[in-house]
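To start, the structure itself, in structure tokens.
None of the values given here were measured: they were computed from a predicted structure. A, B, ... follow the sequence lines: proteins, then strands. Residue 1 opens every chain.
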Number of protein chains: 2
Amino acid sequence: MSTLADHIEAYIKQMLRESQTRTVELSRAQLADVFSCVPSQINYVLTTRFTIERGYIVESRRGGGGYIRIGHIHVGDCTAHAFDLLESIGSELTEKQMENILARLVDYQVITNRQRQIIRGIVQQETSSMDEGKDILRAILVRAMLFLTIKSKA
Amino acid sequence: MSTLADHIEAYIKQMLRESQTRTVELSRAQLADVFSCVPSQINYVLTTRFTIERGYIVESRRGGGGYIRIGHIHVGDCTAHAFDLLESIGSELTEKQMENILARLVDYQVITNRQRQIIRGIVQQETSSMDEGKDILRAILVRAMLFLTIKSKA
DNA sequence: CCTCCTTTGACCATTACTGACCTTAGTTCT
DNA sequence: AGAACTAAGGTCAGTAATGGTCAAAGGAGG
């Protein structure tokens with residue numbers, strides 16, 4: 001965690017944690033000012049880190065009294081939600097899609113950060129020597145490992 | 001007789017030993033500079049020495065503020081046997097071979113009986129619709145799930 | 001010699017950050 | 001009501017800063 005974008009991300013997540021409603025409203029210009037950066041840097045952080053794939057919803061309004069509102073989708077039963085996520089994996093899974101799923105499962109505390117790293121390593125290991133079909137094998141592997149993890153807990 | 005790669009390996013391992021968290025973060029370019037070599041030499045060392053089989057987890061990020069992070073997973077004696085078993089899995093694994101391995105792992109208390117059943121189910125699920133290559137996929141799946149289980153414990 | 005491991009470098013991919021320019025919404029003046 | 005002004009936020013393309021890949025060359029040992 002060392003770039004400006006990382007710090008802004010952490011800052012927003014902290015605000016989210018502190019808010020009861022899992023929603024924060026902020027002013028782009030003000031936030032940019034806090035971090036002494038250009039306002040568009042905020043957009044950069046929002047579009048790269050607070051995506052719908054990771055469970056965030058960002059709304060905004062321009063003009064006078066404009067704002068940016070960030071919400072985090074959280075479900076009561078994390079395990080159930082994890083199952084849904086897993087079932088959404090089709091026959092292929094790109095690295096980006098995998099990252100998003102892992103990020104959400106870490107968020108939901110269904111897997112630990114360490115487990116995420118291990119899963120990444122294993123997938124990389126197993127797919128590295130392939131020249132085609134990586135996405136297919138990745139889908140199978142991720143599904144298998146996550147199912148095992150989730151079911152082992154239940 | 002030690003090569004440059006050996007020195008870099010030793011250097012990183014030293015850093016790991018000195019770190020409290022068993023994790024080090026480094027800059028590829030800087031490290032290459034320390035050893036006056038091309039940056040890709042670092043990748044060579046990482047891919048040949050810091051593999052998941054040897055218990056290392058390597059993460060990296062490109063771009064501004066990029067980094068390479070290396071973590072180490074200790075495996076206890078209780079799981080050492082399990083590791084040997086896993087490494088004995090070749091490119092194919094029949095159902096019988098799988099059953100043998102699972103039985104031994106249950107014996108060693110590396111996995112529970114319940115986990116064995118879950119693994120069976122997942123393998124069944126994933127291979128059922130294939131008409132050839134089942135043994136290959138089974139090898140990959142079992143290896144992945146068992147690696148994950150063992151390493152998650154460490 | 002032949003093979004395997006090491007080393008290098010040219011070329012590639014990804015991520016972060018900035019600034020000029022654009023769009024939208026509210027407010028005020030005529 | 002309409003025009004002009006003010007106050008937000010949005011886009012996008014360019015630049016810089018990293019790390020990744022791969023094939024070819026080099027070298028040590030058998």
Side-chain angles (χ1 to χ4, degrees), chain A residues 1-12 24-54 56-71 94-100 103 117 120-121 123-125 127-132 134-135, chain B residues 1-12 24-54 56-71:
Chain A
M1 290 296 246
S2 59
T3 66
L4 176 55
D6 290 334
H7 287 124
I8 298 175
E9 175 189 7
Y11 182 87
I12 294 174
V24 293
E25 193 172 304
L26 49 87
S27 134
R28 188 180 76 145
Q30 257 177 248
L31 187 56
D33 213 55
V34 170
F35 288 94
S36 305
C37 62
V38 293
S40 58
Q41 176 75 348
I42 307 302
N43 295 85
Y44 175 71
V45 173
L46 293 178
T47 55
T48 55
R49 274 101 161 145
F50 294 85
T51 64
I52 187 75
E53 289 85 4
R54 295 193 183 185
Y56 294 93
I57 289 177
V58 178
E59 296 172 282
S60 65
R61 205 168 73 180
R62 308 185 186 192
Y67 59 80
I68 294 177
R69 195 179 295 145
I70 303 169
T94 64
E95 262 195 89
K96 276 211 162 68
Q97 290 175 317
M98 174 181 85
E99 282 304 326
N100 285 331
Q117 295 173 328
R120 269 197 203 114
V123 169
Q124 217 229 318
Q125 178 78 22
T127 60
S128 64
S129 61
M130 302 179 70
D131 51 335
E132 57 182 80
K134 284 191 186 191
D135 291 351
Chain B
M1 180 53 209
S2 49
T3 64
L4 174 56
D6 291 334
H7 285 124
I8 298 175
E9 176 187 6
Y11 182 87
I12 293 173
V24 293
E25 193 173 304
L26 49 88
S27 134
R28 188 180 75 146
Q30 256 177 248
L31 186 56
D33 215 54
V34 169
F35 288 93
S36 305
C37 62
V38 292
S40 58
Q41 176 75 346
I42 308 302
N43 295 85
Y44 176 71
V45 173
L46 293 178
T47 54
T48 56
R49 273 101 162 146
F50 294 84
T51 62
I52 185 96
E53 291 111 316
R54 297 192 185 182
Y56 294 94
I57 290 175
V58 178
E59 290 176 283
S60 66
R61 198 163 80 181
R62 305 187 187 188
Y67 57 78
I68 294 177
R69 196 179 292 147
I70 303 168

Given side chains that start at C-beta, do those of A/Glu95 and A/Thr127 come closer than 4.5 Å, heavy atoms only?
no
NZ or CZ of B/Arg69 within 45° of B/Tyr67 ring axis and under 6.0 Å
yes
For the pair made of [atom1] in [X] and [atom2] in [N], what is the distance, rounded to whole Å?
X: B/Tyr44; N: D/dA24; atom1: OH; atom2: P; result: 17 Å
X: A/Gln124; N: D/dT21; atom1: CD; atom2: C1'; result: 12 Å
X: A/Glu95; N: D/dG19; atom1: CD; atom2: C1'; result: 14 Å
X: B/Arg28; N: D/dA17; atom1: CZ; atom2: C1'; result: 12 Å
X: B/Leu46; N: D/dC22; atom1: CG; atom2: C1'; result: 16 Å
X: A/Asn43; N: D/dA13; atom1: CG; atom2: P; result: 15 Å
X: B/Phe50; N: D/dG19; atom1: CZ; atom2: P; result: 16 Å
X: A/Leu31; N: D/dA8; atom1: CG; atom2: C1'; result: 14 Å

Reported [atom1]-to-[atom2] distance for the pair [X] and [Y], which is rounded to 0.5 angstrom:
X: B/Ile12; Y: B/Ile70; atom1: CD1; atom2: CD1; value: 4.0 Å
X: B/Ile8; Y: B/Thr48; atom1: CD1; atom2: OG1; value: 9.5 Å
X: A/Ile68; Y: A/Arg28; atom1: CD1; atom2: CZ; value: 6.5 Å
X: B/Leu26; Y: B/Leu46; atom1: CG; atom2: CG; value: 7.5 Å
X: A/Gln124; Y: A/Lys134; atom1: CD; atom2: NZ; value: 8.0 Å

Answer yes or no: does atom [atom1] of [X] have more than 12 heavy-atom neighbours from other residues, nucleotides or ligands under 6.0 Å?
X: A/Glu53; atom1: CD; value: yes
X: B/Phe35; atom1: CZ; value: yes
X: A/Tyr11; atom1: OH; value: no

Starting at the 5' end of DNA chain C, which residue's closest nucleotide do you reach first, A/Gln41 or B/Val38?
B/Val38
Strand contacts (DNA chain D) in residues 60-69 of chain A, 4.0 angstrom heavy-atom criterion
A/Ser60, A/Arg61, A/Arg62, A/Gly63, A/Gly64, A/Gly66, A/Tyr67, A/Ile68
Name the first nucleotide and the last nucleotide along DNA chain C (5' to 3') that come under 4.0 Å of a heavy atom in chain B.
C/dC5 to C/dA16
Between B/Ser40 (side chain only) and B/Asn43 (backbone N and O only), is there a donor and an acceptor less than 3.5 Å apart?
no
Under the 3.5 angstrom rule, does the side chain of A/Asp33 hit a backbone N or O of A/Gln30 as a donor-acceptor pair?
no
When the nearest nucleotide of DNA chain D is assigned to A/Gln30 and to B/Ala29 on a heavy-atom basis, which residue is associated with the more 5' position?
A/Gln30
For the helix from C/dC1-D/dG30 to C/dT30-D/dA1, what angle lies between the axis at the first five pairs and the axis at the last five pairs, to 10 degrees?
10°
Which part of the nucleic acid, if any, lies within reach of A/Ile42 when heavy atoms closer than 4.0 Å are counted: base, sugar-phosphate only, or nothing?
nothing
Look at all strands and tell whether B/Ser27 reaches a base, only sugar-phosphate, or nothing, counting heavy atoms closer than 4.0 Å.
sugar-phosphate
